[in-house]
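Below is one structure, written out as structure tokens, with a few remarks after it.
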There are 2 protein chains.
Amino acid sequence: MEEVGFAHFSAREVAKRIGYSIGTIYNVFGSYDALILAINGRTLALWRDYLERRLEQSQGGRLGHAIEAYFEFAAKHRHAWAAIYDFRLPDDLSPPETYQAQVRAIFDIVVAEVRAALPATRKGEAASLTRSLLATVHGHCVFAMNGTFAMLGEHEPARAVLDRVREAVAS
Amino acid sequence: MEEVGFAHFSAREVAKRIGYSIGTIYNVFGSYDALILAINGRTLALWRDYLERRLEQSQGGRLGHAIEAYFEFAAKHRHAWAAIYDFRLPDDLSPPETYQAQVRAIFDIVVAEVRAALPATRKGEAASLTRSLLATVHGHCVFAMNGTFAMLGEHEPARAVLDRVREAVAS
DNA sequence: TCGCAAAATTGATCGGCGTTCAATTATTTT
DNA sequence: AAAATAATTGAACGCCGATCAATTTTGCGA
């Protein structure tokens with residue numbers, strides 16, 4: 001996935017590379033979708049690790065470092081990161097609980113940082129504000145990675161989104 | 001595309017539905033990627049029309065109406081809208097100029113609204129701020145459409161993003 | 001109207017994909 | 001060693017994007 005990206009990823013190629021047959025892949029994962037979900041879940045775990053390590057070695061400006069971690073991970077693992085969003089389950093299915101837990105684990109890390117950055121009177125907004133700020137950072141990261149920002153003449157997406165986050169926390 | 005979504009879209013099915021053979025599709029569009037680009041370009045045009053009409057019948061709170069238009073269009077044309085972002089050209093290619101012009105046309109409409117909402121002293125920031133706010137709205141729309149917000153307990157994404165936009169314009 | 005060059009259209013063919021499942025091989029248990 | 005269980009295989013199916021020689025349709029000058 002990392003190498004070829006979501007569009008050119010194939011279960012057959014996975015089988016070839018690990019020295020098993022295509023049938024074994026299906027015995028283990030059950031379906032193509034489940035294989036993708038397993039890979040994306042693993043990517044989320046790597047992403048959380050990356051974020052945690054990046055925050056460990058951070059003293060001040062922790063929100064800024066969290067944003068940098070978001071952009072850096074997406075840049076270092078373009079294809080694997082994009083696959084998280086390129087893949088969509090059929091409308092009538094939800095991701096497995098283990099997958100949802102991975103998403104919430106990343107969310108929880110960021111909530112703690114946002115809450116710490118908020119004045120005492122606003123700490124109750126932390127969860128709601130974090131959802132919004134994650135979406136904000138994600139939007140900037142998407143436009144940075146897919147060329148939309150380049151098309152519109154934006155060359156400092158990380159700085160732009162940090163401005164947005166600071167405004168929201170300070171408002 | 002509208003009907004089956006990017007993942008299940010196929011040039012062969014298009015040929016079947018319009019009563020031509022697969023070969024003719026390739027003679028006209030040249031490649032699968034070019035066909036997708038043509039469809040996505042058309043979706044962008046529909047999107048711009050939708051935005052323009054929505055702003056025509058708007059007196060005050062025009063930025064709010066623009067955001068609503070973003071969300072409404074994405075919801076009304078889920079699959080076609082998602083296809084704009086699901087499709088990625090090979091890394092060494094840029095979208096054709098006509099496609100880029102469609103993107104800029106939408107951008108220009110929003111810049112005018114942002115500029116109008118900005119105090120005189122800040123109108124110079126309009127372009128840069130609009131790029132950032134478009135990314136902000138896009139991020140919220142993505143999380144609303146792909147279930148991330150539902151997973152995290154956010155049920156009013158449009159309200160949240162309007163808060164962000166107002167903060168940025170008023171900051 | 002006819003003949004013919006240019007343009008448009010076709011669909012068989014190729015290699016590759018997700019998916020299935022009867023057959024086979026390997027492992028464990030008795 | 002034999003039987004039972006588990007793991008693995010890969011041919012077969014229908015679909016896909018892509019190609020291109022063969023065919024059909026169109027346009028136009030004589």
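Excluded from the calculations below are hydrogen atoms, water molecules and symmetry mates; all remaining heavy atoms, backbone and side chain alike, are included.
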With sequence neighbours excluded, give me every side-chain hydrogen bond (donor to acceptor under 3.5 Å, both in side chains) pair touching residues 130-152 of chain A.
Tyr70(A)-His138(A), Arg131(A)-Glu154(B), Ser132(A)-His140(B), Ser132(A)-Arg164(B), His140(A)-Ser132(B), Asn146(A)-Thr148(A)

salt_bridge(Glu97(B), Arg104(B)) N-O dist < 4.0 Å
yes

Going by atom types alone, do Glu3(B) and His79(B) pair a side-chain donor with an acceptor below 3.5 Å?
no

Pick out the pairs of N or O atoms, protein on one side and nucleotides 18-21 of chain C on the other, that lie under 3.5 Å.
residue : atom : partner  : partner atom : Å
dG18(C) : OP1  : Ala11(A) : N            : 3.1
dG18(C) : OP2  : Ala11(A) : N            : 3.3
dG18(C) : OP2  : Arg12(A) : N            : 3.3
dG18(C) : O3'  : Tyr26(A) : OH           : 3.4
dG18(C) : N7   : Arg12(A) : NH1          : 2.3
dG18(C) : O6   : Arg12(A) : NH1          : 2.9
dT19(C) : OP2  : Tyr26(A) : OH           : 2.2
dT19(C) : OP2  : Tyr32(A) : N            : 2.6
dT19(C) : O5'  : Tyr26(A) : OH           : 3.2
dT19(C) : O4   : Arg12(A) : NH1          : 3.4

Interatomic distance where NZ belongs to Lys16(A) and P belongs to dT9(D) [whole Å]:
14 Å

Parallel, tilted or perpendicular: which fits the ring planes of Tyr32(B) and Phe9(B), with parallel below 30° and perpendicular above 60°?
tilted

Without swapping roles, check the side chain of Arg122(A) against the backbone of Val169(A) for a donor-acceptor pair under 3.5 Å.
yes

Donor-acceptor under 3.5 Å (Arg62(B) side chain, Gln59(B) main chain):
no

Relative orientation of the end axes in the helix from dT1(C)-dA30(D) to dT30(C)-dA1(D), expressed as an angle to the nearest 10° (five pairs per end)
10°

Gap between atoms OH and P, on Tyr20(B) and dA7(C) respectively (whole Å):
17 Å

Nearest-angstrom distance from the residue atom CD1 of Ile18(A) to P of dT8(D)
9 Å

In whole angstrom, give the distance that lies between atom CZ of Phe29(A) and atom P of dT8(D).
12 Å

Looking at Arg54(A) and Ala66(A), would you say the former's side chain and the latter's main chain have a donor-acceptor pair under 3.5 Å?
no

Nearest whole Å is fine: how far is dC20(D) P from Ile25(B) CD1?
19 Å

Find the distance between CG (Asp163(A)) and CD (Glu156(A)) and round it off to the nearest 0.5 Å.
9.5 Å

